[in-house]
Structures are given as structure tokens and as C-alpha cells.
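Take a look at the structure below.
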Amino acid sequence: MKVDGKPYRTIWLAEDGWTVEIIDQTRLPHRFVVERLQGLEAAAHAIRSMQVRGAPLIGVTAAYGVALAMTEDPSDAGLERACATLLATRPTAVNLRWALEEMQRLLRPLGDNARRQAAYERAGELAEEDVALCRAIGGHGLALIEAAAAKKKPGEAVNVLTHCNAGWLATVDWGTATAPIYLAHEKGIALNVWVDETRPRNQGAALTAWELGHHGVPHKVVADNVGGHLMQHGLVDLCIVGTDRTTATGDVCNKIGTYLKALAAQDNGVPFYVALPSPTIDWTLSDGIEEIPIEERDAREVTHLTGATADGSLATIEVVAPGSPVANYAFDVTPARLVSGLITERGVATASREGLAALFPERVP
Ligand SMILES: CSC[C@@H](O)[C@@H](O)C(=O)COP(=O)(O)O
């Protein structure tokens, strides 16, 4: 999507043909910095520190991380070490495990000399596939926005609420939750996107607002607890969020706070959709609350905030009473019963084992 009128993706192969470039998302929205990854450790650090984040982009970065590792050490031991290092970076998004299994399946049977090139080719393909999956999700989600628009008076905006950043910054391009939004905007449908700030790391306020703004999509940032109020007053037509891992039964794990939005949506009769590419489905799990590992992150994400001061320089301040203990759960699980539909690349499924199996019969174990 566009940054200052120029099309960008979140990750790409540098001109030298082997290093990998990313947009450093820890610097947004105040600085646009492209970072060069030159080895396995740099790729692992980028995922761990959330320079890249969002389930699909984590998966593609891991695939490129394996390619970088194959430049350093293409032996069996090198491959296993690379996959173990990358797998340990973040626990919740299943796209990470999926991408690493894909790379291992491809590379294990190959000789050391063939691994490097094969790894780069497959990482590039996974990036392209992610773009295609997100674009297809956009098409299916667009129909939902069009249906909402059909009920509006001429010129009246469709109000879409989203949580965290499931935008193009969380994927290679388009985003999952935002793909229908970008397509609706391109079609000239009047929109207003309610952007939850998404404490503690503010992916909504910092990233979703930034990317929608750069693409010219009308939006308003709201504090995390505003969604319920908006829904009570008829100001949300539909919610669309992303997911880091969805069980075979349709339970949805996403950024902390998603569950509360789903509860408010059900109480107010607002449709609550989850947009996801199929690599985000964990076919081995059937109970999201019991089985999905929830990442717990550094307390400093809760106690401190970084932002720009009046002169444009960056400053970090403490916002919690000094010394107070903190718990920082990064994700929660929304049970399938609260989800109106799963917007996948193959269409909108009901959030159930049957619904997912009907769209992806060949993936059912
Ligand atoms: C298309 S991205 C879907 C999810 O990965 C997204 O909603 C989310 O929760 C991202 O969390 P993050 O901790 O920023 O990686």
C-alpha cells in the first residue's frame, strides 16, 4: 500500500539479492525507517522486538530468516538451529510455526549446496502468496461492507470498528481486516473506521491510524474502552478484526481486548467478523481458551509510553505508579459463539468446525 504516494510492502529482498529489508514498525508513526536484515539473528531480533509483527508478516519474516541462515550455515544442524531460534521468538501467532514447517519440509531433503537458493525462492513465494490471500480476503469482506452500505442513506458512511493492527503492516500487503476496507475505499464507498488504540503497544493508534491515514481512508482513533459505547449508540455497523491463531472449531485468538469487543458486539447485535488467511488456522486445536499459548510480555510496555514531543523529538515517559507490579497479557481468545463469520481467502465461513471444514476440506487432519 502507499506511503507518501509510493507503493510499499512490509518486507522485500534488497537489491543485492540476499539481504532482506523491512519497515521498522517500532519507529512508526513518528519515523519511517527501513531496516536491513543480514542474518538469522537479525531476523529473529526483528520478530522478537516487534520491528515486524502481525501473524502473516511474522511467518514470512521467519521464512526469510531461514533463507538468511542458509547463507550462513546450510548444514542440517544449521537448518535445525535456525528453525529453533525463530520458533522461540513469539509463541502465539501460528503462522510462525506454519512457515518454519514449510521451510523444513522443503529444505531437509536437499543437499547443503541447494538449500540457500531454494530457501530464498520459497520465502519469496510465501510473500507473494500472502499478498494473494489477503487480496482474496478483501474481495469476500468487501461484500459485507457493500451490504452494510446498501442500508445507508446516500453519502452516509459505513462504520467499521477494528482492533489492533491487522492492516497491511501486519501482512506483506493489503492486510486481513483492512483488505475489505481498502477495496471498499477504492470503490468509493463512504467509510469511517473506528480504530481502537490497542494498549499497551498502541498498534491501533500508531500503526492502523498511520496506514489508513497514508492511504486516505477516513478514520477516528478511540481509546480502548470506547467501542461498547459506540455500539450502544448505533455507531458501529460491523467489526472486522484479525487473528493470530484460530482453532479448527473457530475460536479466535487475537490482540488483548478483542474478546471484550466481541461481547459488546453480541450484546448490541453488531456483526463481529474475523479476517484470516488459512495459514492462521491451527487444525490441531479445538479449544482456544485451554490450548492457545498466550504471550506475556515485558511490564515496561504497560508502565511506559513513547511518543513525539512538541519539537518532534521522541521521549519515553512512565505512566504507572512507580513500583506497582504489572501483568502484560498480549492476546485473548474470543469463543466461536461470539464470531459472526470468518472471512477467509475462500469465502466467509461460520465460526465452527463444520464451517471451516466445508471451505478447507483437504486441510482437515
Ligand atoms: C493480520 S494480523 C492479525 C493479528 O496478528 C493482529 O490482529 C495482532 O493481534 C497483532 O499482534 P502483534 O502483537 O502486534 O503481533
Side-chain angles (χ1 to χ4, degrees), residues 1 9-11 22-26 28-29 46-62 89-99 130-131 133-138 141 161-182 195-211 224 239-246 252-262 272-282 288 292-298 301-302 328-334 339 342-345:
M1 307 303 282
R9 287 184 172 182
T10 52
I11 189 164
I22 57 163
I23 298 169
D24 181 351
Q25 300 189 26
T26 62
L28 290 171
I47 300 172
R48 206 181 296 119
S49 67
M50 294 176 66
Q51 287 178 308
V52 291
R53 24 69 50 206
L57 179 56
I58 289 171
V60 172
T61 308
T89 51
R90 294 196 70 189
T92 302
V94 77
N95 306 57
L96 175 62
R97 188 186 78 199
W98 172 86
D130 184 63
V131 176
L133 295 181
C134 288
R135 176 64 180 72
I137 288 168
L161 182 137
T162 192
H163 192 70
C164 192
N165 174 263
W168 73 268
L169 289 170
T171 65
V172 178
D173 205 352
W174 287 103
T176 57
T178 56
I181 291 169
Y182 287 125
V195 177
D196 286 349
E197 64 173 342
T198 319
R199 278 284 282 151
R201 287 187 70 104
N202 287 326
Q203 288 96 327
L207 303 178
T208 306
W210 181 85
E211 64 164 85
D224 268 339
C239 304
I240 312 180
V241 302
T243 169
D244 293 84
R245 192 183 299 222
T246 289
V252 167
C253 183
N254 192 46
K255 181 55 54 188
I256 194 80
T258 303
Y259 170 51
L260 292 179
K261 294 303 175 306
F272 188 89
Y273 290 102
V274 179
L276 68 155
S278 54
T280 307
I281 303 168
D282 188 337
I292 297 179
I294 300 295
E295 179 176 12
E296 289 182 55
R297 295 186 59 87
D298 193 338
E301 293 182 349
V302 177
N328 185 12
Y329 297 97
F331 299 94
D332 61 24
V333 173
T334 299
V339 177
L342 300 169
I343 312 171
T344 76
E345 70 269 20

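As the structure lists them, so they are numbered: ligands from 1, and atoms in each ligand from 1.
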**Request:** May I ask you to check whether Thr280 and Asn95 show a side-chain donor-acceptor distance below 3.5 Å?
**Result:**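 On atom types as modelled, these side chains qualify, holding a pair under 3.5 Å.
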**Request:** Decide whether Gln25 and Asn165 meet the rule of one side-chain donor and one side-chain acceptor closer than 3.5 Å.
**Result:**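 Distance-only check fails for Gln25 and Asn165.
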**Request:** Can you see which heavy atom on Pro56 is nearest to which on Thr171, and at what distance?
**Result:** CG-CG2, 3.7 Å
**Item:** Electrostatic pair Glu197-Arg199, nearest N-O below 4.0 angstrom
**Value:** no
**Request:** Look at Asp282 together with Arg97 and state whether they make a salt bridge at an N to O cut-off of under 4.0 Å.
**Result:** yes
**Prompt:** Looking only at N/O atoms, are Lys255 and ligand 1 under 3.5 Å apart anywhere?
**Reply:**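 Such a contact does occur with ligand 1.
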**Prompt:** Can an N or O of Cys164 be found at a distance shorter than 3.5 Å from an N or O of ligand 1?
**Reply:** no
**Request:** Could you name the option among Asn254, Thr178, Val252, Thr198 that has the heavy atom nearest to atom 7 (O) of ligand 1?
**Result:**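 Of the listed residues, Asn254 has the closest heavy atom.
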If we set the cut-off at 4.0 Å for heavy atoms, which region of [X] has an atom near ligand 1: side chain, backbone, both, or neither?
{"X": "Arg201", "answer": "neither"}
{"X": "Thr243", "answer": "backbone"}
{"X": "Arg90", "answer": "side chain"}

**Prompt:** Which protein heavy atom lies closest to atom 4 (C) of ligand 1, and at what distance to 0.1 Å?
**Reply:**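 Answer, as residue, atom name and distance: Asp244 OD1, 3.3 Å.
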**Item:** Closest approach of any protein heavy atom to atom 2 (S) of ligand 1, naming residue and atom
**Value:**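 The closest one turns out to be Ala170 CB, 3.4 Å.
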**Item:** Under 4.0 Å to a heavy atom of Ala55 - the qualifying atoms of ligand 1, by number
**Value:** 2 (S), 5 (O)
